[in-house]
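These notes are about the structure you will find just below.
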Amino acid sequence: MEKYNPRQIESKWQEVWNAPDYYRTVEDSSRKKYYALEMFPYPSGNLHMGHVRNYSIGDVVARYRMMAGYNVLHPMGFDAFGMPAENAAISHGVKPGDWTFANIKKMIGQQKAMGLAYDWEREVETCREDYYRWTQWLFQLFYKRGLAYKKEAAVNWCDTCGTVLANEQVIDGKCWRCDHEVHKKNLAQWFFKITDYADELLKDLDKLTGWPERVKTMQENWIGRSEGLELTLDVPELGEKVSVYTTRPDTSFGITFLALAPEHPLVEKICAVSPKAAEIHKFCEKVKQQSDIERTSSESEKEGIFTGIYCVNPFNGYRAQIWVTNYVVYEYGTGAVMGVPSGDQRDWMFAKKYGLEIILTLQPKGTTLKLEEMSAAYTEKEGELVNSGKFTGMEFHAGFNAIMDEAEKLGFGKRKVNYKLRDWLISRQRYWGAPIPVIYCDHCGEVLVPEEDLPVLLPDDVEFKQGALSPLSTSKKFNDVKCPKCGRKARRETDTMDTFICSSWYYLRYADPHNDKAPFSREKVNYWNPVDQYIGGIEHAILHLLYSRFFTKVLRDAGLLDFDEPFTNLLTQGMVIKDGAKMSKSLGNVVSPEEIIDKYGADTARLFILFAAPVEKDLEWSDKGVEGSFRFLNRVWRILGIFEDAVKAGADSYDPETLTDEEKIFRRAIHRTAKKVTEDLRDKFAFNTAISALMELVNAAHNFQDKEINPSLAREFASSLLRMLAPFVPHITAELWSRFFEGDVHKQSWVTYDESAIAEETVEIVVQINGKVRERVSVATNLSKAELEKLAPTLPRIQELTAGKQIVKIIAVPNKLVNVVVK
RNA sequence: GCGGAUGUGGCGGAACUGGCAGACGCGCCGGACUUAGAAUCCGGUGUCUUUAGGCGUAUGGGUUCAAAUCCCUUCAUCCGCACCA
């Protein structure tokens, strides 16, 4: 056989797979479906190693399931709206659409060069009219369900770029493009009411048994549910009330001050009457000017200013000083916090710094805490209450509840659940996104664009200027609009939607990608979805994965689909690193997939990336390792070349009893490998060990390179090996299969194995003395415990070593070992 | 600071439910083929003393006939959260 020539055979087979119906997927209720999905990429124009890893994993999963008899949906598409296209427009004058479609074309070429088994007829591109029409339709669905609303909010603003930034584009408080600090600016913005689903999003994490614990913990922390008490205090001098939220109602009798965020409305009311108004304003301005990181870092020094005004603790009448501080977050709770220095470390430090009173309310049972001896707050949630009126002496839990009961009974408090999760800000002052389908009319107010007028198309008479706010506002065509209700002149919303909305439902569209009556049909989406196996990077642990869960629940409530969670199983793959660091242009450690595929072929690239590390761990790139994988494929090619005549002469079924002893051992290896590879693929995503098992099998075959081999055994070997390798290295296996067998390896059924072919008649047992291996014996498989115990002391070597010693006991584990314990 | 994960040869990594540590690959060493090299093939490769054994899974301890695996201590690295009241 000629030399292994990946370039030639890969392009040959890619052409075969490119036929429109080759990977076409059709609903079939008689078969079990399997939906394998990799997170679709942003079309940057270039595949990187992270993509290669992601798609290689997904392709193995999909191809394995196809061979195992499932009706597999394995689609690909592009998350095609977003800033880079607009930047290209600003700096090079190219139209964002032209830039994007050119990139998509290039990336599809690269994906096809990897030999991935996608049903390309289902491809979606979120920037196309037939897709974003439904993104807009879904926005309106949310709106009609009261889940989309507009309000003024403080958003991230970058002065240098003169534009709003998404949260995800603020990295460590700085703009991702120009590296300048971001600050807050108030603007009227659209939000999705994800907080309505906070509780279900949290609770249903329990249903996600196929998700990594890590991701679930991150979502749990992000949602940040807490239970506590909202307490209202009087501010007699102003005739006002102020509410605080606490998770430690048991410490309520220890309030000695009240801390306000500078943004809190009460600050202005105080300034209206306070002689210290100027000073307070100055302090507030100073704090507001600080960046988010400065303000929210727990390391920052706690500062505050006393307003001169007091509020009253309703439990005990204590007159607590009202302070404006830099450490209270306005957006969380009520933006005001009760200061209990004895029970909270921040309050303790604040009180110490400004000489505020400290009242002890809780101490460990049986001890008496003395304030003058304490160097920190007592924050444990156990002990007994002190200085707490009629609650004094109660144990923590009892006091905790009794105090909340009392507050509710007397009407100055209420039990409350709080979340850290905020509503999702979806407006973007950008061009390259789905326009928000809303019209503003002076008479009718906010009006939805009628459904029959969707999509609201992106106009092309737009000016792209750096720093210009909402490019859509520069389009004449776009803004010339009449109110759909009253017909009077109106104006359009000029913001577009966050691209995370587009990606929150694409996995549903794949089920029914060409539907022009609805985003998808209920039948199709209920057949294919939820996704059985979702694969992507950990960086989406919260954003995309949380948003998609939210979308699924809303669409379920709207009757569009019948399941609760979008992704049954989630695999978060590790990064591809080189020289211990993430590949990046600035570090100069980027390995280009194109070069690797060019030099060794896609099969080698896929094999290496799957073999070098377990899927969920980071993978250190190694050029030498790639060569090793290439070498292995050459070995496969060569050994099958040696067996060629035998394989062709062999029969598909034969009597294994006719084999020589050596051949029987080899046959056992084939079946053992089939079992191992099947388990690794089906249950564990342990591709690295599956591949190593296949390497062992090929090594075992080398025993026969210079001798005769039973042709039928050679045939069994070739058939099993090629089918097992097919999901990993699709081209070389397709080629070799076509030379030796009928049909297409990728349409064959997965290998089966014969447990009886794996079973051995004898097994080697380790004999230990006091836990140290001293002898090995070959015994009949499944020899009983009792027999083994009897056998061990009779072995000459054991007798020799135990001579003169007393055997205390013997422990036997069938098929494993015997341990003789002596004194 | 809080929470989580990880720690095994020169390197990437194996090891089911506690039962032979180091599979497989890389690298390295030796051999075959060759005028020579490349490629390929064969063998070796934790470590220390060499009949045989001692020591070894970050550290120190514990449980057990038996520990990489279970429990506790310390250390290191990585990740997430980070004034959330």
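In what follows, chains carry the letters A, B, and so on, assigned in the order in which the sequence lines appear, proteins first and then strands, with residues in each chain numbered from 1. Atom set for the values below is all heavy atoms of this structure, side chains included, hydrogens, waters and symmetry mates excluded. This structure is a prediction, so every number in the text was calculated from the model and none was measured.
Nucleotides G27(B) and C78(B) are separated by 29 Å at their P atoms, to the nearest Å.
Phe350(A) and Tyr354(A) have tilted rings, their planes meeting at an angle from 30° to 60° on a 0 to 90° scale.
When rounded to the nearest whole Å, the span between CZ of Arg248(A) and P of A85(B) equals 11 Å. Remark: P of A39(B) and OH of Tyr4(A) are 18 Å apart, rounded to the nearest angstrom. As a whole-Å value, the separation of Glu213(A) CD from C81(B) C1' is 17 Å. Protein atom CZ of Arg635(A) is 11 Å distant from nucleotide atom C1' of C24(B), rounded to whole Å. Summarising the geometry, the separation between CD1 on Ile542(A) and C1' on A82(B) is reported as 13 Å, rounded to the nearest angstrom.
Remark: U59(B) base-pairs with no nucleotide; criterion is Watson-Crick or G-U wobble with both hydrogen-bond distances under 3.5 Å. U77(B) is paired with A5(B) under the criterion used here, namely a Watson-Crick or G-U wobble arrangement in which both key atom distances are under 3.5 Å.
Within the 4.0 Å cut-off from OP1 or OP2 of A14(B), at least one side-chain nitrogen or oxygen of Asn688(A) is found.
Using a 4.0 Å heavy-atom criterion, one finds that Glu620(A) contacts no nucleic acid atom at all. At the heavy-atom level, Lys772(A) lies under 4.0 Å from the strands shown only through sugar-phosphate atoms.
One donor-acceptor pair, N or O on each side, does fall under 3.5 Å between the base of C20(B) and the side chain of Arg776(A).
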Checklist entry - Is there a salt bridge (charged side-chain N to carboxylate O under 4.0 Å, His left out) between Glu220(A) and Arg225(A) once you walk through the steps? => result CA-CA 8 Å; Glu220(A) 193 183 321; Arg225(A) 188 192 141 100; over 6 Å; no
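For Arg776(A) and Glu764(A), the salt-bridge test passes: some basic side-chain N is under 4.0 Å from an acidic carboxylate O.
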